[in-house]
Amino acid sequence: MSVYTLNLRLFWPLVTCILTALLLLHQYIISGSEDQGNDCSDQGPGAVTLFKYILAFILCYFFIKYCSTQPGSARRAFHKVPEGHGKLGVSKRELLDDHYERHVRLSPHVLGHSKAHVAKLVSELVKVGRTDVPPESSLAFRGDFIQIGSSYEEHKVGSPDCFDILVPLRAPRGLKLEASVCTDKHGGPPLCTLNTPRKAEWARRHKAFTDTFMHLHNAQSVYKMSPDSVQRWFYTATQRCLATFRFLFEQRCSLSLSLSEEQQVLLRLTPRSDYVCCHISMGIRLIPAFPLGDGAFLVASQRAQRGEDLWTVYFPRQEQRLLAWLKGRLPSSSCHLKCLQLLKEVRNLSGETLDQKSGAEWGGVLSSYALKTAWLRLLLSTPPEAWEECNLVDRLDDLLRSLRESLQSRALCHLLLGGVNGLLPDSVALPKLVKETVPSNLWAEFSDITLDMVSARLAYSWNHLPRLIRLGRPQRTSLGRGVRCKYIDAE
């Protein structure tokens, strides 16, 4: 049901006109009666008339000032969401554009400031943790960091309040680690182990290190690096480094470090003043990583929580080169980032109405990386001119259709692990270890029932998008905390 909302831009001018008309009518009546008498005609009525004309002038002045100083705020603050596609002449494109501007679009100003604050903080952290000569009984920070994730790739939805940072580690001097691929029996992305060479002399001589960070596998006579042990050490080392320079930031923001149940190290920044634009609280996920070569890294796998010494391959450099190459091919008015952001928003809106179990399955299948993979596949197989801004709805249709086809075929292959190597540019070089791996399915762990549920709900969500928008998000403030931002309002 459509709900009527008072339009203040029409209400106040109307009230002003009515009051002015009543004032003039009253003055006309009084002046007519005063013409019949002459007592005190030179003072009383003249003063009253002057006062009333001044009052009318003040009313008109505030009316003109209101109209000239409110070009956009009223349009943002009082908006009537149409009920459905086609009703009141509103098309799906207009609905998407309106919702994108109010809830999805990233403010370039706030994004730039947030990235600068995170870079300053993390730079100080890795500088303190860096050592020129690695100790023989522990790990150390390499001294650099790599920015990954949607905030840096500019397809995050809403507010830039979460950042992912890879922190490369340096192994002790003399320790040689060999990565071995363990192919998933279900066809999922291959995982790796970090091993010492068989019967390595170094491991026997440095018992303190192997007891802390490694597990001995007697069947193979090799030591394997333990992701769980590395994560715990990394949390302690980060805490120690943070304590040495925390005072530099204390007047402007508070810093807190936590280790989640999933063994993820999260650094939270909460501003005390306007140090961070519009007082955004930001979470920085710090991810320890071992270099694999050719710009790839090994990070702890989620299966490490179950006691398995397994690592996942990350390709930050390759993905950055691929995105830069695609950006160079696409037109300047391309809608490719907007398309991915809106797809994520459809996922988020639809997931809000699910129970905890179904919501976890929905978010797991349609993870940000899965959506990004489907989006990159479509970008690589579509002519660049097809991504002009005017084709936004068509490209969203194509992206949703390709996702549903992948769900029905039960497979979404990893782009870089046995994926569409024939479509990748030459600048995207892969490590030899993973170059020849078999195609890996990002949805191998999910049942057919779950994939069917996601496929059906995805079609429903797109077809009933106006309803999802109406029942979904409330009117957003500048940054979700009720603090108005003059920069966002001006954009």
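Source: prediction; values computed, not measured.
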For this session: Answer yes or no on whether K115 is positioned over the face of Y152, meaning its NZ or CZ is under 6.0 Å from the six-membered ring centre and within 45° of the axis.
Result: no
Problem set entry | Flag for S281-D161: side-chain donor and acceptor within less than 3.5 Å | no
Problem set entry | Expected output: side-chain N391 to main-chain A386 donor-acceptor under 3.5 Å | yes
Exercise. Can you tell me if T193 and N195 form a side-chain donor-acceptor pair at under 3.5 Å?
Worked result: yes
Exercise. Where the side chain of T373 meets the backbone of Y369, is there a donor-acceptor pair that is under 3.5 Å apart?
Worked result: yes
Exercise. Where the side chain of Q318 meets the backbone of D294, is there a donor-acceptor pair that is under 3.5 Å apart?
Worked result: yes
Exercise. Between R93 and E389, is there a side-chain N and carboxylate O pair less than 4.0 Å apart?
Worked result: yes
Exercise. Is there a side-chain contact (heavy atoms from CB on, under 4.5 Å) between L322 and L424 once you walk through the steps?
Worked result: CA-CA 8 Å; L322 178 58; L424 296 176; 4.2 Å; yes
Exercise. When you measure from the side chain of S409 to the backbone N and O of S406, does any donor-acceptor pair fall under 3.5 Å?
Worked result: yes
For this session: Using a strict cut-off of less than 4.0 Å between a Lys/Arg side-chain nitrogen and an Asp/Glu carboxylate oxygen, indicate whether D144 and K127 qualify as a salt bridge.
Result: no
For this session: Determine the minimum heavy-atom distance between K344 and V157, stating which atoms define it.
Result: CB-CG2, 3.7 Å
Exercise. Is the distance between the ring centroids of F141 and F234 under 6.0 Å?
Worked result: yes
Exercise. Any donor-acceptor pair under 3.5 Å linking the side chain of T244 with the backbone of C241?
Worked result: yes
Exercise. Going through the checks in order, is the side-chain contact (heavy atoms from CB on, under 4.5 Å) test met by L349 and L471?
Worked result: CA-CA 9 Å; L349 288 173; L471 299 178; over 6 Å; no
Problem set entry | H117 and H113 aromatic ring geometry - parallel, tilted or perpendicular at 30°/60° bounds | perpendicular
For this session: May I ask you to decide if L379's main-chain N or O and T382's side chain share a donor-acceptor pair within less than 3.5 Å?
Result: no
Problem set entry | E361/K357 salt bridge by N-O under 4.0 Å criterion | yes
Exercise. Is there a donor-acceptor contact under 3.5 Å linking the side chains of E345 and H99?
Worked result: yes
Exercise. Are the charged groups of D397 and R401 less than 4.0 angstrom apart, N to O?
Worked result: no
Exercise. Is there a donor-acceptor contact under 3.5 Å from the side chain of D164 to the main chain of I284?
Worked result: no
Exercise. Is any side-chain N of the basic residue among K92 and D97 closer than 4.0 Å to the acidic one's carboxylate O?
Worked result: no
For this session: Say whether H336 and S334, considering side chains only, have a donor N or O and an acceptor N or O under 3.5 Å apart.
Result: yes
Seminar exercise, completed: Heavy-atom nearest pair, A370 first then L442, reads CA-CD1, 4.3 Å
For this session: Begin with the C-alpha distance, continue with both residues' side-chain angles, and end with the deciding distance and a verdict on side-chain contact (heavy atoms from CB on, under 4.5 Å) for S258 and Q264.
Result: CA-CA 8 Å; S258 61; Q264 293 181 349; over 6 Å; no
Problem set entry | Check: R268/S256 side-chain N/O donor and acceptor closer than 3.5 Å | no
Problem set entry | The single option from W311, F213, F297 passing ring pair (Phe, Tyr, Trp, His ring centres under 6.0 Å) against F290 | W311
For this session: Identify the residue among E201, R204, E178, M214 that makes a side chain to side chain contact (heavy atoms under 4.5 Å, CB included) with T196.
Result: M214
Exercise. Would you say the side-chain atoms of T450 and S447 include a donor-acceptor pair closer than 3.5 Å?
Worked result: yes
Problem set entry | Minimum heavy-atom distance A171-L177, with the two atoms named | CB-CD1, 4.5 Å
Problem set entry | Nearest heavy-atom neighbours spanning V346 and S461 | CG1-CB, 3.9 Å
Problem set entry | Under 3.5 Å side-chain donor-acceptor pair for Y235 and Q231 | no
Problem set entry | Distance-only polar pair, side chains of W233 and T212, donor-acceptor under 3.5 Å | no
Exercise. Are D452 and S455 linked by a side-chain donor-acceptor pair shorter than 3.5 Å?
Worked result: no
Problem set entry | Y223/H206 aromatic ring centres below 6.0 Å | no
For this session: Look only at the side chain of S367 and the backbone of G363, and say whether a donor-acceptor pair between them is shorter than 3.5 Å.
Result: no
Exercise. Can you find a side-chain donor-acceptor pair between T353 and R457 that sits under 3.5 Å?
Worked result: yes
For this session: Is it possible for you to check whether R377 lies under 6.0 Å from the centre of the six-membered ring of W375, through NZ or CZ, and within 45° of that ring's axis?
Result: no
